[in-house]
Asker: 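Quick one: the structure is below, questions incoming.
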Amino acid sequence: MPVTHTPEQTIASDRTVRLLDTTLRDGEQAPGVSLSPDEKVEIARSLERAGVSVIEAGSACTGAGERQAISRVTDLDLDARVTSFCRGITTDIDLALECDVDGVHIVVPASDRHVEGKVGTSREDNLEKTAELVAYAKDHDLWVEVIGEDGSRADLDYLEELAEASLEAGADRFCFADTVGHTGPEHTYEAVARLAELGPVSAHTHDDLGLGVTNALAAIAAGADLVHCTVNGLGERAGNVALEEVAIALSHVYDLETLELEELYDLAQIVSRATGIQLAPNKAVIGENAFTHESGIHTDGTLKDDKMYEPYAPETVGRERRLALGKHTGRAGVAATLEEHGVDADDDEVAEIANRVTELGDRGRRVTDADLLAIAEDVTGEDRERVVELLDLTATSGGAVPTASIRLAVDGEERVASGTGSGPVDAAVSAVREALGSMADAELESYHVDAVTGGTDAVVTVEVTMARNDRSVTVARSEADITRASVKAMVDALDRLLAADQQPLAPADD
């Protein structure tokens, strides 16, 4: 059932609401983010797969490089409408036209602070100028949205005048912009309801008060049918409202579908890699912990009923459920993880393994899959012969090209290989893959480094998660040398994966 406070604010499931993604423009304005044309193309394709209706590809006025990137996106011939952000000057519209975009977002001042203080004009002149800009863009066959900048701090009567002037001049819609994340849902609802009486309305919300999604939903309830979002909530300051959060909220709470939800996690990962901004573990929808259970009570309940401690199935957004190991893990979680790795243990052995896992967690350690399997081998008394073992490693990075040589024991056979890479770790990993050959192909799902001691002789812990043949394992190793820690973790993970497959290794590739 829809969750609502008053009848008039219910978002009906038969509404048509679309999402506009501005990751390539407003998201790129986050500090430290700069996307190449190739990265913009990759993200645009992923947005298309997710079913985003409008893709704001950038600001054509930024420069020649930005125009090249926007043109690369328009050349994809996407079903989504591709647009450019424009300031309130005709030359910006001309530059957008050079990129062959489908439409433009013309930003004009809405609050007195922006009308008088920023632009240095009057309310009347601002109305006249806005109408001229809209007419100019429409004369060039563009779809036009006018964004009333700082609309959440504008006088509502004047905001209505600005919207009316824009729509009468031919604008396709007017956008209520909470530019600085200033307002709350009550004011958003009131403003958008008044604007919606004039014509199509969009909402552009920021998360400075943590109210990005709330304000977006309030705007939709008031009549907005297009919401500006960014993937992973990227953007200036605290970021824009997150695309994935708006999409799942509308689907789960109001039964209103906007996107192909199963594409959301892959989309989040693509944007995270391109921007270099890691996802917070507790991030809604796409964070690592969103469908991870460690608590014994929660794990036991989830194993009995997968809806017990989750609002919706992880597969809905392209995720998988994961049982984490730590001080809160109970017997049910340990038993399930052992079963996943094909380890047989009776009830008493599971109890002892669970106790040891708790002891490790009590010492502040994260308990990896490899830790669990090592404990299980000790408790059950079953020795396991290693498939792959690191014998020796040498890595150098002083020359022009970092190199590494490695010696491994593989099923009792010694193998030696070398590799090059962008750094010593990359070179060493290349050498490992060369030594093991094609049968040891595995995907490195995550790689994380933590310094656990201070000073120049700091010890680092490297944690890797690797997957092969639909099986994954996480291993952590600590060393004074980051390259050795990385290789040990990777080799141990591969050893576990290969042992689980119980397949003979092919000779190394020539």
Asker: Go through it in stages, so that I can follow the logic: the residues are Leu159 and Phe176, the test is side-chain contact (heavy atoms from CB on, under 4.5 Å), and I'd like the CA-CA distance, side-chain angles, deciding distance and then a yes or no.
Answerer: CA-CA 9 Å; Leu159 192 64; Phe176 172 77; 4.0 Å; yes

Asker: Nearest 0.5 Å, please: how far is CG in Leu279 from OG in Ser272?
Answerer: 4.0 Å

Asker: Have His105 and Thr83 got a donor and an acceptor in their side chains that come within less than 3.5 Å?
Answerer: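 Yes - a donor-acceptor pair under 3.5 Å links their side chains.
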
Asker: Hey, is CZ on Arg273 packed in by over 12 heavy atoms from elsewhere, all under 6.0 Å?
Answerer: yes

Asker: When you check the gap from the basic side-chain N to the acidic O, do Glu245 and Lys283 get nearer than 4.0 Å?
Answerer: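 Here Glu245 pairs with Lys283 in a salt bridge, since their nearest N and O are under 4.0 Å apart.
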
Asker: Could you tell me whether the side chain of Pro109 reaches within less than 4.5 Å of the side chain of Asn126, counting heavy atoms only?
Answerer: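 With C-beta onward as the side chain, the pair touches.
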
Asker: Under 4.5 Å between any side-chain heavy atoms of Val432 and Leu494, yes or no?
Answerer: yes

Asker: Can you give me the closest heavy-atom contact between Ile43 and Leu267, atom names plus distance?
Answerer: O-CD1, 4.4 Å

Asker: Spell out, as yes or no, whether a donor-acceptor pair under 3.5 Å connects the side chain of His140 to the backbone of Tyr136.
Answerer: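 Yes: the side chain of His140 pairs with the backbone of Tyr136.
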
Asker: Does the pair Ile277 and Val33 meet the rule for a side-chain contact (heavy atoms from CB on, under 4.5 Å), with working shown?
Answerer: CA-CA 8 Å; Ile277 297 179; Val33 174; 3.5 Å; yes

Asker: Would you check if there is a donor-acceptor pair between the side chains of Thr23 and Asp21 at a distance under 3.5 Å?
Answerer: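 Yes - a donor-acceptor pair under 3.5 Å links their side chains.
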
Asker: Within the side chain of Thr74, is there an N or O that forms a donor-acceptor pair under 3.5 Å with the backbone of Ser71?
Answerer: yes

Asker: Return the minimal non-hydrogen interatomic distance between Val146 and Ala171, and the atom names on each side.
Answerer: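 Closest approach of Val146 to Ala171, heavy atoms only: CG2-CB, 4.1 Å.
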
Asker: Would you mind reporting whether Val115 and Ser122 have side-chain heavy atoms less than 4.5 Å apart?
Answerer: no

Asker: Distance only, no hydrogens: is a donor on one side chain within 3.5 Å (strictly under) of an acceptor on the other, for His204 and Asp26?
Answerer: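 Judged by distance alone, the side chains do pair up.
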
Asker: Atom CZ in Arg194, atom CD in Glu160: separation rounded to 0.5 Å?
Answerer: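 One gets 4.0 Å once the value is rounded to the nearest 0.5 Å.
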
Asker: Quick one: pull up CG in Leu78 and CZ in Arg49 and give me the separation to the nearest 0.5 Å.
Answerer: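 The CZ atom of Arg49 is 10.5 Å from CG of Leu78, to the nearest 0.5 Å.
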
Asker: Under a 3.5 Å distance rule, please check whether Arg173 uses its side chain to pair with a backbone N or O of Asp225 as donor and acceptor.
Answerer: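 No; judged by distance alone, with no hydrogens or angles, the pair does not exist.
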
Asker: Does Thr316 reach the side chain of Glu262, with side-chain heavy atoms less than 4.5 Å apart?
Answerer: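 SC-SC contact between Thr316 and Glu262 ruled out.
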
Asker: Taking all non-hydrogen atoms of both residues into account, name the closest pair between Ala154 and Ala110 and its distance.
Answerer: CB-O, 3.4 Å

Asker: Does Lys138 reach the side chain of Asp172, with side-chain heavy atoms less than 4.5 Å apart?
Answerer: yes

Asker: Treating Asn215 as the side-chain partner and Ala219 as the backbone partner, does any N or O pair qualify as donor plus acceptor under 3.5 Å?
Answerer: no

Asker: Would you say Lys40's side chain and Leu24's backbone share a donor-acceptor pair under 3.5 angstrom?
Answerer: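 Indeed, once roles are kept as given, a pair shorter than 3.5 Å links the two residues.
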
Asker: When you look at Thr275 and Leu234, which way does the side-chain contact (heavy atoms from CB on, under 4.5 Å) test go after all the steps?
Answerer: CA-CA 9 Å; Thr275 60; Leu234 288 174; 3.8 Å; yes

Asker: So does Arg237 pair up with Asp207, basic N to acidic O under 4.0 Å?
Answerer: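 Answer for the salt bridge query: no.
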
Asker: Is there side-chain contact between Leu162 and Phe174, with heavy atoms separated by less than 4.5 Å?
Answerer: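 Yes; the side chains approach each other to less than 4.5 Å.
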
Asker: For Tyr447 and Thr465, which I'm curious about, is there any donor-acceptor pair between the side chains at under 3.5 Å?
Answerer: no

Asker: So, Asp150 side chain and Asp178 main chain: donor-acceptor pair closer than 3.5 Å or not?
Answerer: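 No; judged by distance alone, with no hydrogens or angles, the pair does not exist.
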
Asker: Would you check if the side chain of Asp155 reaches a backbone N or O of Asp157 as a donor-acceptor pair within less than 3.5 Å?
Answerer: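 Here the side-chain-to-backbone pair exists.
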
Asker: In Å and rounded to the nearest 0.5 Å, what is the OG to CG distance from Ser84 to Leu95?
Answerer: 8.5 Å

Asker: Does a sphere of radius 6.0 Å around CD in Glu257 hold more than 12 heavy atoms from other residues, nucleotides or ligands, not counting ones at 6.0 Å or beyond?
Answerer: yes

Asker: In Å and rounded to the nearest 0.5 Å, what is the CG to CG distance from Leu156 to Leu195?
Answerer: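 Answer rounded to 0.5 Å: 7.5 Å.
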
Asker: Flag the pair Val227 / Leu20 as yes when at least one side-chain heavy-atom distance between them is below 4.5 Å, and no otherwise.
Answerer: no

Asker: Any chance CZ of Arg18 has more than 12 other-residue heavy atoms, nucleotides or ligands included, within less than 6.0 Å?
Answerer: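 Open: at most 12 neighbouring heavy atoms sit under 6.0 Å from CZ of Arg18.
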
Asker: At their closest point, which heavy atom of Ile55 faces which heavy atom of Ala44, and how far apart are they?
Answerer: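 It is CD1-O, 3.8 Å.
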
Asker: Do you know which two heavy atoms are closest between Ala30 and Gly235, and how far apart they sit?
Answerer: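 Shortest heavy-atom contact: CB-O, 3.4 Å.
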
Asker: Tell me yes or no: between the side chains of Glu149 and Thr179, is some donor less than 3.5 Å from an acceptor?
Answerer: no

Asker: Can you give me the closest heavy-atom contact between Ala427 and Gly419, atom names plus distance?
Answerer: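 Scanning both residues completely, I find the closest heavy atoms to be CB-O, 3.7 Å.
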
Asker: Can you tell me how far apart CD1 (Ile106) and CG (Leu133) are? Round to the nearest 0.5 Å.
Answerer: 5.5 Å

Asker: Looking at Thr230, is its backbone amide N or carbonyl O close enough to the side chain of Asn240 to form a donor-acceptor pair, meaning the two atoms are under 3.5 Å apart?
Answerer: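 Between the backbone of Thr230 and the side chain of Asn240 there is no qualifying donor-acceptor contact (under 3.5 Å).
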
Asker: Hey, is the main chain of Ala80 close enough, under 3.5 Å, to the side chain of Glu48 for a donor-acceptor pair?
Answerer: yes

Asker: Backbone N or O of Ile286 within a donor-acceptor pair of the Glu244 side chain at under 3.5 Å?
Answerer: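 Checked: no pair found.
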
Asker: Please step through side-chain contact (heavy atoms from CB on, under 4.5 Å) for the pair Leu264 and Leu259, ending with a clear verdict.
Answerer: CA-CA 9 Å; Leu264 290 179; Leu259 297 179; 4.0 Å; yes

Asker: Does the side chain of Thr62 reach to within under 4.5 Å of the side chain of Arg67, using non-hydrogen atoms?
Answerer: no

Asker: Any side-chain donor paired with an acceptor under 3.5 Å for Glu145 and Ser202?
Answerer: yes

Asker: So that I can tick it off, tell me whether Arg81 and Asp102 are bridged by a salt bridge, with the cut-off set at under 4.0 angstrom between side-chain N and carboxylate O.
Answerer: no

Asker: Should Asp38 and Arg72 count as an ion pair when the cut-off is N to O under 4.0 Å?
Answerer: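 Result for this pair is yes, salt bridge flagged.
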
